[in-house]
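The structure under discussion appears below in the form of structure tokens.
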Amino acid sequence: MTWPSSATLLAPLAPWFDGNRRELPWRAADLDAAHPDPYAVLVSELMLQQTQVATVLPYFTRWMDRWPTVEALAAASDEEVHKAWEGLGYYRRARLLHAGAKRIAGEGWPSDLAGLRGIPGLGDYTAAALAAQAFQQPEAALDGNAFRVLARLLGLEGDPRPRARELRDWLRPALAALGPSRLTQALMELGATVCAPLPRCGGCPVADRCAALRLEATGRIPPARPRAQPATSEFWLAAVEAEDRWLLAEPAGQGLLAGLWRWPSTPLPETGADAAAEPIGTYAAAELSAWPSWTQVYTHRRERVHPLRIRLQEGFDAPAGFAWTDPGRLGELPMGRRDSRLRELLPQPGAAPLLPVPLGLLLGGLRRGGSPSP
DNA sequence: AAGGCGTGGGC
DNA sequence: TGCCCAAGCCT
């Protein structure tokens, strides 16, 4: 089918956005000029990948306060970058942003979309978002919001993402006519606040021309994406203390919780396994206590976490991949939510464990240099 | 190219 | 409680 002209169809979005936009710290006041701080846009875009605005706001403010320029970020250490990202999730973004800042600090900003696309962490969407919002180039940034808005307006059945090239070509005249930065942000803002998965069409400036609304198909367009719900597995998560130091797994280079410090952990033994009965032996735990468990949800895993504190009378050499850590440094280490949650529990009194603790398994594995598990 | 990668909010 | 989703990217 033939679509109407993008500039005509989307024209009401420009005045709507000028009158309804949220004030966000990375947004330029003047939407018709080049952005005064492309670095701010870069930081915000990386933080906003798969993350809601409300979650990002405090992180963004702290980040820009600490590293106000791309050069400042380039000079930061990996550990402090991860610490500043702590709790935000998808930590690879922090490493990619750090790497991207180093490149930009050394080589300057790329002048076009292809150059931006080559910066670590910038995919099709983010590179175009930067080109449009920071540099006023008529590049179409299609994120989940834009895909949803355009799919509904045009009445596209099925997943709109495979039609990205087609949609970008169609969108280009409207970007030039309405302003690249303005239209890019208007599309996303409309998707985030009005044309949400559950839409509020009463407040929509383009409801009069929306194919999905006309067809009463906003519930079907775009279609929801199927997701697998993995089974839950159970783990002990152990704060092991000896001679006033804590045993921690050092950051891994890849995989779940890469770049972050973790407490030792081990799966709960199968019911009836011998491990639970294994003697503590020479480890001589002076104190053993537990806190209530919780369910830790990741994208592709669910863990039932049983937090535990073990104080030993004597230490032992940290196995490969582990390190004994001074209490004063504990708070400086970047951790994921699971591990920071146990760190926060430490000052609180625990109780006697309700489940049999496989101390032999856990400590034996550690003493033999078992690989750190996430 | 399908799956891995975190966390919190809304309903 | 459980399920869906969120300004995606990388391999």
Side-chain angles (χ1 to χ4, degrees), chain A residues 17 21-22 24-27 40-60 82 85-97 99-100 116-134 139-150 159 161-162 164 181 183-193 195-200 219 222-232 252-260 262 294-305 334-341 374:
Chain A
F17 183 67
R21 67 181 214 171
R22 295 172 288 181
L24 303 175
W26 50 85
R27 293 238 240 240
V41 183
L42 175 69
V43 172
S44 73
E45 287 298 339
L46 266 292
M47 288 187 171
L48 285 163
Q49 288 172 2
Q50 297 291 284
T51 309
Q52 303 191 105
V53 166
T55 303
V56 163
L57 281 171
Y59 284 89
F60 176 85
H82 281 95
W85 206 272
E86 186 179 83
L88 197 50
Y90 285 153
Y91 298 92
R92 183 174 52 178
R93 294 180 295 169
R95 297 187 288 279
L96 291 168
L97 175 57
L116 290 166
R117 184 66 177 77
I119 294 177
L122 304 192
D124 287 342
Y125 159 72
T126 310
L130 213 58
Q133 298 178 74
E139 304 290 355
L142 300 181
D143 71 329
N145 288 310
F147 275 117
R148 187 171 55 249
V149 169
L150 297 180
D159 186 356
R161 290 166 193 275
S181 183
L183 180 56
T184 297
Q185 296 184 68
L187 277 172
M188 293 192 288
E189 190 88 337
L190 187 75
T193 63
C195 194
L198 192 63
R200 302 177 6 230
R225 305 219 299 180
R227 294 163 195 252
Q229 186 63 316
T232 302
Q254 56 181 355
L256 189 67
L257 304 180
L260 306 175
R262 289 149 293 131
W294 72 86
T295 300
Q296 190 70 34
V297 179
Y298 303 104
T299 307
H300 293 290
R301 294 190 206 183
R302 288 172 85 89
E303 288 182 2
R304 189 71 191 172
V305 177
M335 290 181 169
R337 189 67 191 109
R338 180 196 68 179
D339 299 86
S340 68
R341 195 164 167 171

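Residue numbers begin at 1 in each chain, while the letters A, B, ... track the order of the sequences.
Taking each heavy atom of A:Y59 and A:E86 in turn, the nearest pair found is OH-O, 2.8 Å. Between A:L42 and A:L130, the shortest heavy-atom contact is N-CD1, 3.6 Å.
Between the P atom of C:dG8 and the CG atom of A:N145 lies a distance of 7 Å, rounded to the nearest Å. Look at CD on A:Q52: it is 12 Å from P on C:dC5, rounded to the nearest Å. Atom OH of A:Y125 and atom P of C:dC9 are 8 Å apart (whole Å). Following rounding to the nearest Å, A:L24 (CG) and C:dA6 (C1') show an atom-to-atom distance of 15 Å. If you measure from atom CD of A:E189 to atom P of C:dA6, you get 15 Å, rounded to the nearest angstrom. Look at NE2 on A:H300: it is 14 Å from P on C:dC4, rounded to the nearest Å. For A:L46 and C:dA6, the CG to C1' distance is 15 Å, given to the nearest whole Å. A:R27 places its CZ atom 12 Å from the P atom of C:dA7, with the value rounded to the nearest Å.
Residues forming a salt bridge (charged side-chain N to carboxylate O under 4.0 Å, His left out) with A:R200 (at least two apart in sequence, or on another chain): none.
Counting any heavy atom pair closer than 4.0 Å across all strands shown, A:Q185 reaches no nucleic acid atom. Heavy atoms of A:L142 sit nowhere under 4.0 angstrom from any nucleic acid atom. Using a 4.0 Å heavy-atom criterion, one finds that A:T55 contacts no nucleic acid atom at all. Residue A:L88 is classed as a base contact, given a heavy-atom separation below 4.0 Å to a base. Counting any heavy atom pair closer than 4.0 Å across all strands shown, A:W26 reaches a base atom. A:G191 comes within 4.0 angstrom of nothing in the nucleic acid, heavy atoms only. Within 4.0 Å of A:V56, counting heavy atoms only, lies no atom of the nucleic acid at all. Residue contacts for A:R148: at a heavy-atom cut-off of 4.0 Å it reaches the sugar-phosphate backbone alone, with no base atom in range. Within 4.0 Å (heavy atoms only), A:A54 reaches no atom of the nucleic acid at all. As judged by a 4.0 angstrom heavy-atom cut-off over every strand, A:S44 is placed among residues making no nucleic acid contact.
The structure places CG of A:L190 at 9.0 Å from CG of A:N145, a figure rounded to the nearest 0.5 Å. The CG atom of A:L24 sits 8.5 Å away from atom CD of A:Q185, with the distance rounded to the nearest 0.5 Å.
For DNA chain B, the span of nucleotides reached by chain A at under 4.0 Å from its heavy atoms goes, 5' to 3', from B:dG4 to B:dG9.
A:V53 pairs with exactly one of A:M188, A:E189, A:R22 by the side-chain contact (heavy atoms from CB on, under 4.5 Å) rule, that one being A:R22.
Across C:dA7, C:dG8, C:dC5, the shortest atom-to-atom separation from the side chain of A:R22 is found for C:dA7.
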Evaluate the criterion side chain to side chain contact (heavy atoms under 4.5 Å, CB included) for residue pair A:V305 and A:W294; output intermediate values, then yes/no. CA-CA 5 Å; A:V305 177; A:W294 72 86; 3.8 Å; yes
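Summary of the strand contacts: A:Y91 and A:L198 both lie near DNA chain B, and taking for each the nucleotide with the nearest heavy atom, the more 5' one is attributed to A:Y91. Annotation: of the two residues near DNA chain C, A:L48 and A:I119, the 5′-most nearest-nucleotide partner is A:L48. Ranked by how close their nearest DNA chain B nucleotide is to the 5' end, A:R92 and A:G336 are led by A:R92. Mapped onto DNA chain C by nearest heavy atom, A:L96 and A:E45 fall at different nucleotides, with A:E45 at the one closer to the 5' end.
Between B:dA2 and C:dA7, the two C1' atoms lie 23 Å apart (nearest whole Å). Distance noted for atom P between C:dC9 and B:dG9: 24 Å (whole Å). Using P as the reference atom, B:dG6 and C:dC3 are 22 Å apart when rounded to the nearest Å.
Inspection of the A:Q49 and A:Y125 side chains reveals no N or O donor paired with an N or O acceptor under 3.5 Å.
In terms of modelled atom types and a separation under 3.5 Å, the side chain of A:R148 and the main chain of A:G191 share a donor-acceptor contact.
Checking the phosphate oxygens (OP1, OP2) of C:dG8, a side-chain nitrogen or oxygen of A:Q50 falls inside 4.0 Å.
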